[in-house]
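Written out below as structure tokens is the structure these notes cover.
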Amino acid sequence: MSFNNQITSEEETLRQKEIMERLKERIANISKELGRPLTYCSICFGCQMNAKDSEKLEGILETIGYVRTDSEDCDFLIMNTCTVRENANLRVYGRLGQLKKYKKKNPHMMIALCGCMMQESLVVEKIKESYRHVDIIFGTHNVFKLAELIETKLDTKGMVIDIWEGTSEIVEDLPSDRKYSFKCGVNIMYGCNNFCSYCIVPYVRGRERSRKPEDIIKEIKELVADGVVEIMLLGQNVNSYGKTLEPKVSFAKLLEMIEEIEGLKRIRFMTSHPKDLSDELIEVMANSKKICKHLHLPVQSGSSKVLKDMNRSYTKEDYLTLVDKIKTAIPDISLTTDIIVGFPTETEEDFMETLDVVKRVRYDSAFTFIYSKRTGTPAANMEFASTDEQIKERFDLLLNEVQNIAKETCARFEGTTQEVLVEGVNEQDASLVTGRLSNNLLVHFPGTSDMIGKFMEVKLKESKGFYYLGETV
Ligand code: 5AD
Ligand code: SF4
């Protein structure tokens, strides 16, 4: 199978839209018979890519006539799964067990599973054997086919399973149900070619494929026309965007094109791999009026030896040099990261190197994970240099250090006035609204729901560690 050519399959889009039209009628008929609307519940685990896929699935379900509910006691339950760490899988099995009772009560109920976990054949085998109340299983490559799979299920008795090994197809222009009216994620690429030795993503999300710049720009322009002011460009490694395109387009160039879009106010992106972060990108970020002052730059480990074993393609020194370069070019940038503790070859000494990086970079926040063995990845065959107890101790130490530093780092903007985008009414105190700063931190301040989606100038009066309290000026 070739993974290098991008096919924007207009025919496939049309075909799926026709199926949706047919289904709309069928769902309306069932609903009439029952004398009530059919409901769907969408559960999503994992990263922003999954969140974006779930918006697409929800868009299809809404189009064919299902009405959203938060209750799992519904007519169509879709669970978008993650498999990046073992505990994500365990949560899915737990949840599935609990769903049996709803299915017994409601013969119309369908349960669908999709996402990264379904790309693993052992998982599908287990579901086929032990969770026979599941109706539809599909993976990461054919999210656009949901309507077709539902149609097949309505016409057949058994479990409908459709897992693709990989794809070079990118199906554009299907419905999507956006969570927020003012901000939205936009896929710019799919898959990953990096094969970090601990990571299952390249196996379940397939090879890297970039969307054409013109398709991305068209989507963003439509979003802006619909009221979106902030976009988050999504990819496993956005810095290698465009390498598979003909002609090649760098991520920095794409950002420059997006910057030109009138009405768009903020541009975010994730995730950046340190090995591909170019000087060109730093320059574009430094000169941009729209790119937010935040960079998520996963370090994973501070030890050059462990980084080599992880197949990360940079050393501790490379990473620190890169961070210096970024901080010099963009002094008020917020840096965040991902760190894995307890990678098989990590010793106490290696861990100290990680702590050293944390102390030197002074991240605004860091996601810390204990290494989780993923069958099929190279690291799964490596011997452990440390015991579980030692790893747990390191994890606690790291978390403590990260949190203490983050508290101090985040407070550095206290007293300044910043532009924030208001995202919603505060859940704990309805007299407050919550806004997001360019650097991704949140500020709570007195306000009303009509401010949602608007930019306001807010004085950051008091830092609370990971957020601020403020007031409009
Ligand atoms: N174990 C623990 N953490 C992992 N991650 C990816 N694979 C694993 C694993 N096997 C973490 C990395 C990555 C983040 C999304 O998840 O830190 O950046
Ligand atoms: Fe996994 Fe590495 Fe690809 Fe990120 S860059 S998705 S950690 S393989």
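Bear in mind the structure is a predicted one, so any value in this text is a computation, not a measurement.
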Q: Please check if the side chain of Thr140 supplies one atom and the backbone of Arg205 the other of a donor-acceptor pair under 3.5 Å.
A: no

Q.
Between Asp226 and Glu222 (side chain of the first, backbone of the second, donor and acceptor by atom type, cut-off under 3.5 Å), is there such a pair?
A. no

Q.
For Gly242, is there any backbone N or O sitting under 3.5 Å from a side-chain donor or acceptor partner on Ser210?
A. yes

(Q) Tell me whether Arg374 contacts the main-chain N or O of Thr83 through its side chain, where contact means a donor paired with an acceptor under 3.5 Å. (A) yes

Q: Looking only at non-hydrogen atoms, find the nearest pair between Glu317 and Thr321 and report the distance.
A: O-OG1, 2.7 Å

Q: Step by step, work out the side-chain contact (heavy atoms from CB on, under 4.5 Å) result for Ile267 and Leu233.
A: CA-CA 7 Å; Ile267 306 169; Leu233 305 173; 4.0 Å; yes

Q) CD1 of Ile188 to CD of Glu219: how many Å apart, nearest 0.5 Å? A) 11.5 Å

Q) Are Met118 and Phe138 side-chain neighbours, meaning at least one heavy-atom pair lies under 4.5 Å? A) no

Q. Are any non-hydrogen side-chain atoms of Pro378 and Asn311 less than 4.5 angstrom apart?
A. no

Q: With side-chain contact (heavy atoms from CB on, under 4.5 Å) as the test, would you mind laying out the steps for Val229 and Arg266 before giving the verdict?
A: CA-CA 6 Å; Val229 287; Arg266 279 182 170 180; over 6 Å; no

Q) When you look at Glu151 and Arg22, which way does the salt bridge (Lys or Arg N to Asp or Glu O under 4.0 Å) test go after all the steps? A) CA-CA 9 Å; Glu151 191 174 54; Arg22 289 203 295 273; 2.9 Å; yes

Q. Can you list the steps and then say if Arg312 with Asp318 is a salt bridge (Lys or Arg N to Asp or Glu O under 4.0 Å)?
A. CA-CA 11 Å; Arg312 290 290 290 178; Asp318 295 336; over 6 Å; no

Q.
Within the 4.5 Å heavy-atom criterion, are Met79 and Phe45 side-chain neighbours or not?
A. yes

Q. Is Glu414 reaching over with its side chain to a backbone N or O of Lys464, donor-acceptor style, under 3.5 angstrom?
A. no

**Q.** Verdict with reasoning, Gln403 to Phe466, per side-chain contact (heavy atoms from CB on, under 4.5 Å)
**A.** CA-CA 9 Å; Gln403 286 179 345; Phe466 308 103; 4.2 Å; yes

Q.
For a quick test of reading the model, state the closest non-hydrogen atom pair linking Lys316 to Leu307 and the distance between them.
A. N-CD1, 3.8 Å

Q) What's the spacing between Asp364 CG and Thr409 OG1 if we round to 0.5 Å? A) 5.5 Å

Q.
Could you report the tightest heavy-atom contact between Val143 and Ile60, atom names first, then the distance?
A. O-CD1, 3.9 Å

Q: Check whether any side-chain N or O of Arg207 sits under 3.5 Å from a backbone N or O of Pro202 as a donor-acceptor pair, and report yes or no.
A: yes

Q.
Within the 4.5 Å heavy-atom criterion, are Leu432 and Pro446 side-chain neighbours or not?
A. yes

Q. Centroid-to-centroid, Phe413 to Tyr468, below 6.0 Å?
A. no

Q) Between Asn439 and Leu441, is there a donor-acceptor pair closer than 3.5 Å when you use the side chain of the first and the backbone of the second? A) yes

Q: Step by step, work out the side-chain hydrogen bond (donor to acceptor under 3.5 Å, both in side chains) result for Asn187 and Lys56.
A: CA-CA 11 Å; Asn187 294 112; Lys56 293 179 186 175; 2.9 Å; yes

Q. Would you say Glu259's side chain and Lys289's backbone share a donor-acceptor pair under 3.5 angstrom?
A. yes

Q) Around Asp450, counting heavy atoms of other residues, nucleotides and ligands shown, do more than 12 lie under 6.0 Å from its CG? A) yes

Q) Are Lys183 and Glu423 close enough that some pair of their side-chain heavy atoms sits under 4.5 Å apart? A) yes

Q: Assess whether atom NZ of Lys221 is packed by more than 12 heavy atoms of other residues, nucleotides or ligands within 6.0 Å.
A: no

Q. Under the criterion side-chain contact (heavy atoms from CB on, under 4.5 Å), which of Leu297, Leu320, Asp324, Thr337 is the partner of Val361?
A. Leu320

Q | Lys407 NZ to Ser463 OG distance, which is reported to the nearest 0.5 Å | A | 9.5 Å

Q) In terms of ring plane angle, is the pair Phe76 and Tyr66 parallel, tilted or perpendicular, where the classes change at 30° and 60°? A) tilted

Q.
Any salt bridge linking Glu72 with Arg95? Criterion: basic side-chain nitrogen under 4.0 Å from a carboxylate oxygen.
A. yes

Q) Between Tyr314 and His273, how do the two ring planes meet: parallel, tilted or perpendicular, split at 30° and 60°? A) perpendicular

Q) Does one side chain, of Asn194 or Lys275, offer a donor that lies under 3.5 Å from an acceptor on the other? A) yes

(Q) To check you understand the geometry: which heavy-atom pair defines the closest contact between Ala329 and Ile282, and what is its length? (A) CB-CG2, 3.5 Å

**Q.** Interatomic distance, Ser334 atom OG to Tyr363 atom OH [nearest 0.5 angstrom]
**A.** 13.0 Å

Q.
Looking at Ser240, is its backbone amide N or carbonyl O close enough to the side chain of Asp276 to form a donor-acceptor pair, meaning the two atoms are under 3.5 Å apart?
A. no

(Q) Looking at Glu86, I want to see if its CD is surrounded by more than 12 non-hydrogen atoms of other residues, nucleotides or ligands under 6.0 Å. (A) yes

Q. Any side-chain heavy atom of Arg268 within less than 4.5 Å of one from Arg436?
A. yes

Q. Among Asp350, Asp309, Thr345, which residue meets the side chain to side chain donor-acceptor pair (under 3.5 Å) test with Ser303?
A. Asp350

Q: To the nearest 0.5 Å, tell me how far Ile200 CD1 sits from Met117 CE.
A: 10.5 Å

(Q) Just checking Phe369 against Phe395, ring centres under 6.0 Å apart? (A) no

Q: Run the salt-bridge test on Lys145 and Glu12 with the 4.0 Å N-O cut-off and return the result as yes or no.
A: no

Q. Going by heavy atoms in the side chains, are Leu335 and Lys327 under 4.5 Å from each other?
A. yes

Q.
What's the separation between atom CD in Glu55 and atom NZ in Lys179, rounded to the nearest 0.5 Å?
A. 5.5 Å

(Q) Evaluate Thr39 against Cys41 for side-chain contact (heavy atoms from CB on, under 4.5 Å), listing each step before the verdict. (A) CA-CA 7 Å; Thr39 56; Cys41 173; over 6 Å; no

Q) Is a side-chain donor or acceptor of Arg91 paired with a backbone partner of Ala88 at a separation under 3.5 angstrom? A) no

Q) Above 12 or not: heavy atoms from other molecules or residues under 6.0 Å from CZ of Phe195? A) yes

**Q.** Heavy-atom side-chain contact between Gln300 and Phe343 under 4.5 Å
**A.** no

Q: Determine, step by step, whether Glu21 and Lys24 satisfy the salt bridge (Lys or Arg N to Asp or Glu O under 4.0 Å) criterion, reporting the C-alpha distance in whole Å, the side-chain angles of both residues, the deciding distance to 0.1 Å, and the verdict.
A: CA-CA 5 Å; Glu21 278 307 307; Lys24 217 184 203 167; 3.7 Å; yes

Q.
Surrounding NZ of Lys305 (heavy atoms of other residues, nucleotides or ligands, distance under 6.0 Å), is the total greater than 12?
A. yes

Q.
Restricting to non-hydrogen atoms, name the atom on Ser301 and the atom on Thr354 that form the minimum distance, rounded to 0.1 Å.
A. OG-OG1, 3.6 Å

Q.
Please tell me whether Tyr40 and Glu62 have a donor and an acceptor in their side chains that are separated by less than 3.5 angstrom.
A. yes

Q) Just wondering, are more than 12 heavy atoms of other shown residues or ligands nearer than 6.0 Å to CD in Glu214? A) yes

Q) Any idea which heavy atoms bring Ile261 and Lys290 closest together, and the distance? A) O-NZ, 2.8 Å

